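Nothing fancy with the numbering, it's 1 onward along the sequence. Computed from a predicted model, the values in this text were never measured in an experiment.
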Amino acid sequence: MAFNWFRRQHNESSNSPAEEEKTKQSQVEAPSTPDAAPTTTPDAAPDLLAFAKAAYKNIQQKQQDAPIETEAVTEAVTEAVTEAVTEAPVVEEQKIEEVVEEVVEETVEEPVVENTVDTVDSTVSVNAEATNLSNLSFIERAAAEREARQQRLMQSAIDVPVPQAEITNVNVVSDTSDIETEGTSDFDSDLEFDEGFVWSAEVLAAQGRRPEDVSIEEINWLKKLRRGLSKTRRNIVNQLKAIVGKGPLNQAAVTEIEALLLQADVGVEATDYIIEALQSKLRSEALPADAAIAYLKTILKDMLETPIQKSQKTVFAPEKDTLNIWLMTGVNGAGKTTTIGKLAHLSQKSGYRTLIGAADTFRAAAVEQVKVWGTRSNVEVISNPGKNTDPAAVVFDAITAANARNTELLLVDTAGRLQNKKNLMDELSKVRRIIDKKAPTAKVESLLVLDATLGQNGLRQAEVFSQAAQLSGVVLTKLDGTAKGGVALAVVKQLGLPIRFIGAGEGIEDLRPFSSYEFVEALLSN
């Protein structure tokens with residue numbers, strides 16, 4: 001079953017938001033039970049560590065199933081090969097090889113098994129050529145050759161070696177208390193019980209997840225997100241702690257906080273809002289530094305959640321069994337085409353039938369670039385082979401193909417353009433009109449791809465794009481390459497647009513749906 005990244009909060013823990021809330025309440029009431037998600041209070045620290053250990057052990061157990069399944073397939077192939085050889089004792093050597101290949105191909109299509117069959121075939125051929133029975137009569141020689149071939153083939157099939165890359169350490173951890181010393185085992189190079197794993201597990205636990213529902217994909221993503229925001233975090237957290245831990249904010253402290261937030265590209269409007277909220281809290285209650293940072297996290301999370309709640313789409317995901325069209329816009333260099341490829345990969349992994357429309361017909365090699373990403377994500381790309389063709393015509397063809405293939409998500413790549421080029425912005429409006437006319441019942445979303453390193457310049461782009469493309473959300477990219485991750489707060493405060501996806505790396509797995517809680521925890525974690 002595909003892991004639905006778009007709805008991962010509800011994948012296995014519950015079937016509905018009501019059941020999810022009921023689960024969270026039961027977890028708060030009984031934090032000491034094994035399946036309960038720990039709270040985030042200091043007293044719950046041992047429970048959070050136990051949660052991380054249980055999650056680690058469950059992930060190990062899931063990954064141990066893979067080599068067992070591979071061994072079962074190998075045994076099935078061996079049995080099928082042996083049976084085929086036994087039932088055909090008088091077939092010539094070449095036909096025996098054909099029977100072996102046919103049986104193996106019908107039994108399994110994995111490349112590992114195909115390689116073993118090649119080994120069997122080559123062994124049979126070499127041994128057959130080396131057989132010298134010239135001293136026997138014709139009948140005796142034929143019988144001896146047939147028997148020798150059968151024995152060698154059966155022996156080779158039984159002794160099929162498993163490639164070293166497939167051999168995995170399957171030692172089960174007998175006690176979760178020993179996990180801390182076994183985090184660097186050979187079981188999985190990506191699975192280490194380190195500080196990043198513990199932090200990621202705590203973030204998932206605080207959101208009501210159960211240890212058995214935690215996946216290695218989520219752990220890896222949270223570690224990447226925390227690492228990607230490290231530049232911004234280093235510039236903010238330590239200095240903020242030194243300032244807010246001194247009691248009510250005086251004018252000097254306000255000035256220092258303003259400078260910190262503006263350097264992180266939080267923006268003037270968002271900065272004023274944050275400082276006012278902090279001042280109001282610290283005047284009414286003296287908070288230590290850690291408590292003040294915790295309250296700051298609440299402020300930031302509420303800011304990021306406000307436009308999401310107003311959009312009435314708390315879960316931003318394609319609807320199953322219907323056509324969803326996501327129009328991707330943005331200037332050249334923001335990572336728009338790369339985002340298309342990553343979203344296509346994410347959609348495929350989440351179990352959606354996906355198609356890409358290559359409507360960026362102005363930029364040189366843009367279509368070829370999106371085709372490369374389509375190949376990497378195993379998603380078909382609809383394009384026009386001509387140069388400088390009409391983008392709206394490509395979108396028309398893509399919608400036609402999507403309807404014919406029962407596609408659930410059509411990702412439309414558009415030409416990068418400057419927000420001050422009126423003719424190009426008019427072309428974008430034309431594309432949107434074609435979508436509305438050709439697919440009136442489709443669920444249409446317009447997402448603006450913003451480069452986080454641009455900071456305030458990105459806000460100017462968003463203001464103009466929102467008028468031409470009827471923007472419904474933002475994809476924030478390149479968070480790992482900047483110390484200005486606070487631009488996310490500026491986007492939601494000044495433009496009122498919800499952030500739907502964030503990118504924290506260049507790999508195909510480095511783009512994920514946005515979570516305000518996870519983002520703030522990664523931004524302000526110690």
Q: Measure the spacing between CD of Glu319 and OH of Tyr352 and express it to the nearest 0.5 Å.
A: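 So the CD of Glu319 and the OH of Tyr352 are separated by 9.0 Å.
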
Q: Verify side-chain hydrogen bond (donor to acceptor under 3.5 Å, both in side chains) between Asp451 and Thr477, making sure each step is shown before the conclusion.
A: CA-CA 5 Å; Asp451 183 345; Thr477 63; 4.7 Å; no

Q: Just by modelled atom types, is the Ser347 backbone N or O under 3.5 Å from a matching donor or acceptor in the Ser350 side chain?
A: no

Q: Is the backbone N or O of Asn378 less than 3.5 Å from a side-chain atom of Gln348, with the two atoms forming a donor-acceptor pair by type?
A: yes

Q: How many angstroms lie between NZ in Lys223 and CZ in Arg227, if you round to the nearest 0.5 Å?
A: 7.5 Å

Q: Look only at the side chain of Tyr517 and the backbone of Gln207, and say whether a donor-acceptor pair between them is shorter than 3.5 Å.
A: no

Q: Side chain to side chain contact (heavy atoms under 4.5 Å, CB included), that's the test. Do Ser383 and Lys371 meet it? Break it down for me.
A: CA-CA 9 Å; Ser383 63; Lys371 284 182 177 179; 3.2 Å; yes

Q: Judged by atom type as modelled, is there a donor-acceptor pair below 3.5 Å linking the side chain of Asn58 to the main-chain atoms of Ala54?
A: yes

Q: Just wondering, do Leu489 and Lys493 contact through their side chains at under 4.5 Å, heavy atoms?
A: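 The answer is no; the side chains never approach within 4.5 Å.
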
Q: Determine which pairs satisfy salt bridge (Lys or Arg N to Asp or Glu O under 4.0 Å) with at least one residue from residues 254-273, sequence neighbours left out, and list them in order.
A: none

Q: List the atom of Ala270, the atom of Met303, and the distance in Å for their closest heavy-atom pair.
A: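 Heavy atoms of Ala270 and Met303 come nearest at CB-CE, 3.7 Å.
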
Q: Side chain to side chain contact (heavy atoms under 4.5 Å, CB included), that's the test. Do Leu327 and Thr414 meet it? Break it down for me.
A: CA-CA 7 Å; Leu327 184 66; Thr414 63; 3.4 Å; yes

Q: Looking at Lys349, Lys342, Arg376, which one forms a salt bridge (charged side-chain N to carboxylate O under 4.0 Å, His left out) with Glu509?
A: Lys349

Q: Is there a side chain to side chain contact (heavy atoms under 4.5 Å, CB included) between Thr354 and Thr407? Walk through the geometry before answering.
A: CA-CA 6 Å; Thr354 311; Thr407 298; 5.5 Å; no

Q: Drop me the distance from Phe316's CZ to Ile499's CD1, to the nearest 0.5 angstrom.
A: 13.0 Å

Q: Quick one: does Leu497's side chain get under 4.5 Å of Pro307's, heavy atoms only?
A: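 When only atoms from C-beta onward are counted, Pro307 and Leu497 do not touch, as no gap falls below 4.5 Å.
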
Q: Heavy-atom count around Glu368 CD within 6.0 Å, excluding the residue itself: above 12?
A: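 More than 12 within 6.0 Å, yes.
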
Q: Looking at Glu521 and Lys301, is there a salt bridge between them, counting it only when a charged N and a carboxylate O are closer than 4.0 Å?
A: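 No, Lys301 and Glu521 are not salt-bridged.
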
Q: Is the closest basic N to carboxylate O distance between Glu195 and Arg226 below 4.0 Å?
A: yes

Q: Should we count NZ of Lys320 as having more than 12 external heavy atoms under 6.0 Å?
A: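 Yes.
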
Q: How long is the straight-line distance from CD1 of Ile502 back to CG of Leu511, given to the nearest 0.5 Å?
A: 8.5 Å

Q: Do Arg433 and Asp436 meet the salt-bridge criterion of a basic N to acidic O distance under 4.0 Å?
A: no

Q: To the nearest 0.5 Å, what is the distance between OG1 on Thr441 and CG on Asn403?
A: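 One finds 7.5 Å between OG1 of Thr441 and CG of Asn403.
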
Q: Could you point out which residue of Thr375, Thr338, Asp360, Ile356 forms a side chain to side chain contact (heavy atoms under 4.5 Å, CB included) with Val370?
A: Ile356

Q: Can you tell which of Leu476, Val474, Leu304, Val475 makes a side chain to side chain contact (heavy atoms under 4.5 Å, CB included) with Phe514?
A: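 Of the listed options, the one satisfying the test is Leu304.
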
Q: How far does OG of Ser200 sit from CD1 of Ile219, to the nearest 0.5 angstrom?
A: 5.0 Å

Q: State plainly whether the residues Glu445 and Arg500 are in salt-bridge range, i.e. N to O under 4.0 Å.
A: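 Here Glu445 does not pair with Arg500 in a salt bridge, since their nearest N and O are not under 4.0 Å apart.
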
Q: Taking the six-membered ring for Trp and the single ring otherwise, decide whether the centroids of Trp5 and Phe501 are under 6.0 Å apart.
A: no

Q: Do any N or O atoms from the side chain of Asn324 and from the backbone of Thr322 form a donor-acceptor pair under 3.5 angstrom?
A: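 A pair under 3.5 Å: yes.
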
Q: For Ser472 and Ser446, indicate whether the former's side chain and the latter's backbone hold a donor-acceptor pair under 3.5 Å.
A: yes

Q: Within the 4.5 Å heavy-atom criterion, are Lys313 and Ile308 side-chain neighbours or not?
A: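 The answer is no, as the side chains (C-beta and beyond) never meet within the 4.5 Å cut-off.
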
Q: So if I apply the side chain to side chain contact (heavy atoms under 4.5 Å, CB included) rule between Ile325 and each of Leu410, Leu409, Val395, which one comes out positive?
A: Leu410

Q: With distance as the sole test, does Ser377 use its side chain to make a donor-acceptor pair with the main-chain N or O of Trp373 at under 3.5 Å?
A: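 Present.
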
Q: Can we call the ring centroids of Tyr56 and Phe197 under 6.0 Å apart?
A: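 Close enough - the centres of the two rings lie under 6.0 Å apart.
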
Q: For Glu506, is there an ion pair with Lys478 - N to carboxylate O distance below 4.0 angstrom?
A: no

Q: Just checking, any donor-acceptor pair under 3.5 angstrom between side chains of Glu218 and Ser215?
A: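 The criterion, which ignores hydrogens and geometry beyond distance, is satisfied for Ser215 and Glu218.
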
Q: Any Lys/Arg nitrogen of Asp480 or Lys224 sitting under 4.0 Å from an Asp/Glu carboxylate oxygen of the other?
A: no

Q: Checking the side chain of Ser311 only, and the main-chain atoms of Gln309 only, is there a donor and an acceptor separated by less than 3.5 Å?
A: no

Q: Can you check side chain to side chain contact (heavy atoms under 4.5 Å, CB included) on Leu355 and Leu411, steps first, answer last?
A: CA-CA 6 Å; Leu355 199 64; Leu411 298 168; over 6 Å; no

Q: Of all the heavy-atom pairs spanning Leu323 and Ala402, show the shortest one and how long it is.
A: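 Distance-wise, the nearest heavy atoms are CD1-CB, 4.0 Å.
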
Q: Please confirm whether Lys53 makes a cation-pi placement over Phe193, using NZ or CZ under 6.0 Å from the six-membered ring centre and within 45° of the ring normal.
A: no

